[in-house]
Amino acid sequence: MAERDYNFKEIEKKWQEKWEKGNVFKTPRDPGKKKYYLLEMFPYPSGRLHMGHVRNYTIGDLMARFMVMKGYNVLHPMGWDAFGLPAENAAIQNNIPPFKWTGDNIEHMKTQFDRLGFSYDWDREVATYKPDYYRWNQWVFVKMFEKGLAYRKNAPVNWCPRCSTVLANEQVENGKCWRCESDVTQKELNQWFFKITAYAEDLLKGLESIREGWPERVLVMQKNWIGKSHGTLINFKLETGEDFPIFTTRPDTVYGVTYMVIAPEHPFLDRISDPKVRAFIDCLKSQSLIDRLSEEKEKEGIDTGIKVVNPFNGDRVPLYVGNFVLMEYGTGMIMSVPAHDSRDFAFAKKYGIPVKLVIDNPDAPIDVDAMADAYVEDGINVNSGPFNGLRNRETIEKIADYAEEKGIGRREVNYRIKDWLISRQRYWGCPIPAVYCDNCGIRVVPEKDLPVLLPTDVDFRGSSKSPMLSMDSFVNTICPDCGGKAKRETDTMDTFVDSSWYFAKYASPKSAAMFDEEVDYWMPVDQYIGGIEHAVLHLLYARFFTMVLNDLGLVKCREPFTRLLTQGMVIKDGAKMSKSKGNVVDPDVIMDRYGADTVRLFMLFASPPDKDLEWSDKGVEGCNRFIGRIWRVLDKYREYITEEMPDDGPLSGGLKALRSELHRTVKAVTKDISERLQYNTAIAKMMELVNVLYQVDEKEISSPQGRRIISELFFKLVPMLNVFIPHVAEEMWEILGRTGYLYNQPWPDFIEALTARDEIELVFQVNGKIRSRVQAPASISKEEMEKMALDDARVKGFIEGKEIVKRIVVSGKLVNFVVKG
RNA sequence: GCCCAAGUGGUGGAAUAGGUAGACACAAGGGACUUAAAAUCCCUUGGGCUUUUUGUCCGUGCCGGUUCAAGUCCGGCCUUGGGCACCA
């Protein structure tokens, strides 16, 4: 009869209290140990944890606990990405001040975290809405302004009408707002930018140094986003002799240019007076960029009447205005080669522009008049003056050389990435510390006057606009230079600025400075864990910011995250859990029914961490059942537990196999956790061990050697369980009679020699087909294996009367005979 | 269109270095215990053929290749998911 059933409610509460009272999770700083900084992306304090959070933080907690047991000084902090729109929307709807709404949510979510048993050092909590935190946003902003890395410009920007604020390029997904999915429109506005383009090359090169530890697809996404392309800037000329430079990655086709196209918003076009052309330009300019460039939109253009001269062959070609040319990329104008670019080809056919072949297919010469589409493959240059007969790949380099020699062009590198627009026309964020003086212009707030505090005594009633706009006490100030009247910037910073450096602040959360020397001890983050959705948002901004901080001499590292794990989504009924789909499962409900340990175990068992996880109520029950099985078997054998460890004496078959299985399990679980990051198979192996244990007779367990083996088993299994199901593992540790927190125990070791099996199964094949399986001693030699196979009755039947032409013996695995006849 | 993943039983998934496909779990079926149920424990479980054991054939999206041997490597395709998208 069980002494006590598995009562998760009691156990989990008991250990959560003990951990807290014992200050168990405080960050150690033992000089004799190596550091390990494990971080999960901090949450937005929406008010409730969802399953995605639970998964993310369960994976992180496992890794943190594992590294503690492995003897590292582990930094495992948690904080709050606390600025942002939901707080403001809640304020507008219910007139709760965002400050209070956010603070209350944080308090509630903290209790949820504690209920899950996560090992955070709350002394290091960081929340971005606190002035002590965001003042350093402002301070870095001022430094960046001084270095020209923060600047203000007029530019067409993305505008979300629903959030009534501008957005960065990275925050527009398929023309929709990343947060609310409204259609984004374009506006011409004067806004603050961070010059991330100045770090384009660094951001690209830096990817090399983190290649080992980051998922391939994130590296690829960042690389594509930065979008480096090598090309040549070629100086076409107007008939007046004026320069007309264009960027191309295909200089090998320059002899085939039959027209040029310019972006409608290009200032060059101001000189055009032809009313028809003007009307076309004005029409295009009135459309939003999204509309103009939308996929369905056909390419449209109009001939300006202006001719452009090709510096290579002197051809005079027409200049068109086109709806598809981007002002921000290259020089805002392009050369068009219809023979070798499908888009140019379609445009040329539409407007009756000639097509000129300059690359021919050496295998099937092309008839230019019969072309149905552009020829975009490689080939041999024709109609290309001195470059005729060259392979076009070589021509690319030759033309660039030639252009540089003759001074009609130069090699150039272009990037797709644009500067980071950080202004937000919203209240609940970090104030941008700028002032506007009629006399002195744009000024930043001097260091000594920071922080610029966000007013918190605000009233949202009757308006969805930022309350700061109408707060004279905030807006009116004096110019730091001339002392005259000035106005404060009322925009706040993009919240992605807040999250671009929080990971460094955890090193010294209470320091009066931005950082102290602790930052260089803990940074960089050794393992970062979060969702794939930040592949080019947060993860790019954070890398940029770290590089800026490094250049400012504030941190020693240049890359913030050495290793990155992007965990998969939590899926139910084939779709990501979301309120709008109505397929959410509330973690609290599951914890009420099964406890935190079961939820954690399921999160780790149902799928490898980087893959999506399909929610399954039945699967949760299965995990709960497994905990129950261990609980019962420990309860059954607890009276046999002894501190005496097994000696080298002979063991009965069952005990020997059990001990061997135990050591194999420790080995495999250790590897799965530390090398393979496959927690599902680690759990499966512990399940197998428990299954083997269930097969062993109690009589064997109760023998003197049996007692030692079963004790060794639990003294190793329970510490392994600690990283998956810490509450019940601590309780079991206590049942085993050990004192102190399991949290601080060393990770179990294993004896390599014991992991070997005595007997192995050999497979005998004839012509690659399995014909027999036999048991053999593990020490069997290749020669003996072959002999066994030859003597095997089943094998004999397949090789009799035939010639063995090849014999393959794989040690300890199989024998394969290839026979003929 | 370009780039990147992935495709394995009824389901989630395993197979780590080319060497026994389907570990572990869920579901299903059977049994033990019980007055009964729940819980628990034990057994079966990819498919076909074979009366059964034995055996034998098929089987990792599709077609082909390399190899004694392919889920794994190579070439070509299909499907799904994701990213970028007039970037010149």
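Each chain gets a letter, A, B and so on, in the order the sequences are listed, and its residues count up from 1. Since this is a predicted model, take the numbers as computed values, not measurements.
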Cation-pi, [Y] ring and [X] (6.0 angstrom, 45 degrees):
{"X": "A:K299", "Y": "A:F347", "value": "no"}
{"X": "A:R416", "Y": "A:W225", "value": "yes"}
{"X": "A:R771", "Y": "A:F798", "value": "yes"}

No-hydrogen, no-angle side-chain donor-acceptor test under 3.5 Å, [X] and [Y]:
{"X": "A:T395", "Y": "A:D252", "result": "no"}
{"X": "A:N310", "Y": "A:D315", "result": "no"}
{"X": "A:N691", "Y": "A:R629", "result": "yes"}
{"X": "A:Y329", "Y": "A:S229", "result": "yes"}
{"X": "A:Y541", "Y": "A:E170", "result": "yes"}

Without decimals, in angstroms, what is the distance between [X] [atom1] and [N] [atom2]?
{"X": "A:W225", "N": "B:A85", "atom1": "CH2", "atom2": "C1'", "answer": "11 Å"}
{"X": "A:M686", "N": "B:A25", "atom1": "CE", "atom2": "P", "answer": "12 Å"}
{"X": "A:I532", "N": "B:C4", "atom1": "CD1", "atom2": "P", "answer": "15 Å"}
{"X": "A:D373", "N": "B:G1", "atom1": "CG", "atom2": "C1'", "answer": "12 Å"}
{"X": "A:K299", "N": "B:A85", "atom1": "NZ", "atom2": "C1'", "answer": "11 Å"}
{"X": "A:F626", "N": "B:C26", "atom1": "CZ", "atom2": "P", "answer": "11 Å"}
{"X": "A:L219", "N": "B:C3", "atom1": "CG", "atom2": "P", "answer": "18 Å"}
{"X": "A:L326", "N": "B:C84", "atom1": "CG", "atom2": "P", "answer": "16 Å"}

(message) I'd like to know whether NZ of A:K228 has more than 12 heavy-atom contacts from other residues, nucleotides or ligands below 6.0 angstrom.
(response) yes

Checking all strands, does [X] fall into the base, sugar-phosphate, or nothing category for heavy-atom contacts under 4.0 angstrom?
{"X": "A:G622", "answer": "sugar-phosphate"}
{"X": "A:N691", "answer": "sugar-phosphate"}
{"X": "A:F798", "answer": "sugar-phosphate"}
{"X": "A:S616", "answer": "nothing"}

(message) Using a strict threshold of under 4.0 Å (side-chain N to carboxylate O), is an ion pair present between A:E661 and A:R664?
(response)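 Salt bridge flag = yes for A:E661 with A:R664.
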
(request) Name all stems that contain residues of RNA chain B, defined as runs of 3 or more consecutive Watson-Crick or G-U wobble pairs, both distances under 3.5 Å. (result)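 B:1-7 with B:78-84, B:10-12 with B:24-26, B:28-32 with B:40-44, B:46-49 with B:55-58, B:61-65 with B:73-77 - these are the stems of 3 or more pairs that involve RNA chain B.
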
(request) Mind listing the closest non-hydrogen atom pair of A:P251 and A:I396 along with its distance? (result) CG-O, 3.8 Å

Do the side-chain N or O atoms of [X] get closer than 4.0 angstrom to the phosphate oxygens (OP1, OP2) of [N]?
{"X": "A:Y694", "N": "B:C41", "value": "yes"}
{"X": "A:R632", "N": "B:A39", "value": "no"}
{"X": "A:R771", "N": "B:U56", "value": "yes"}
{"X": "A:R217", "N": "B:A6", "value": "no"}
{"X": "A:Q695", "N": "B:C42", "value": "yes"}

(request) Please answer whether the main-chain N or O of A:F605 pairs with a side-chain N or O of A:Y679 as donor and acceptor at a distance below 3.5 Å. (result)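 Pair absent, no side-chain N/O of A:Y679 close to backbone of A:F605.
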
(request) Taking A:N158 for its side chain and A:V172 for its backbone only, find out whether a donor-acceptor pair lies under 3.5 Å. (result)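 Not a single qualifying donor-acceptor pair exists.
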
Integer angstrom distance from the [atom1] of [N] to that of [M]:
{"N": "B:U56", "M": "B:A36", "atom1": "C1'", "result": "47 Å"}
{"N": "B:A15", "M": "B:G46", "atom1": "C1'", "result": "16 Å"}
{"N": "B:A39", "M": "B:G7", "atom1": "C1'", "result": "39 Å"}
{"N": "B:U66", "M": "B:G1", "atom1": "C1'", "result": "33 Å"}
{"N": "B:U72", "M": "B:A85", "atom1": "C1'", "result": "34 Å"}
{"N": "B:C57", "M": "B:A21", "atom1": "P", "result": "13 Å"}
{"N": "B:A38", "M": "B:G48", "atom1": "P", "result": "30 Å"}
{"N": "B:G65", "M": "B:U50", "atom1": "C1'", "result": "35 Å"}

(request) Would you mind calling B:A6 syn or anti? Take O4'-C1'-N9-C4 for purines or O4'-C1'-N1-C2 for pyrimidines, and syn is within 90° of 0. (result) anti

(message) With syn defined as a glycosidic angle within 90° of 0 and anti as the rest, where does B:G9 land?
(response) syn

All N/O contacts under 3.5 Å from nucleotides 27-34 of chain B to the protein, with atom names and distances to one decimal?
none

(request) Summarise how protein sits on nucleotides 11-21 of chain B as a single string, 5' to 3': B when a protein heavy atom is under 4.0 Å from the base, S for sugar-phosphate-only contact, - for no contact. (result) -SSSSB--BBS

(request) Among the candidates B:C42, B:A85, B:C68, find the nucleotide nearest to the side-chain atoms of A:R416. (result)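 Nearest to the side-chain atoms of A:R416, counting from C-beta on, is B:A85.
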
(request) Return the 5'-most residue of the pair A:E216, A:F247 with respect to RNA chain B, ranking by each residue's nearest nucleotide. (result)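 Nearest-nucleotide comparison on RNA chain B picks A:E216.
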
(request) Would you kindly compare A:V818 and A:M687 by the position of their nearest RNA chain B nucleotide and give the one closer to the 5′ end? (result)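 Its nearest nucleotide being more 5', the pick is A:M687.
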
(request) Could you tell me whether A:F496 and A:W178 have their ring centroids closer than 6.0 angstrom? (result) yes

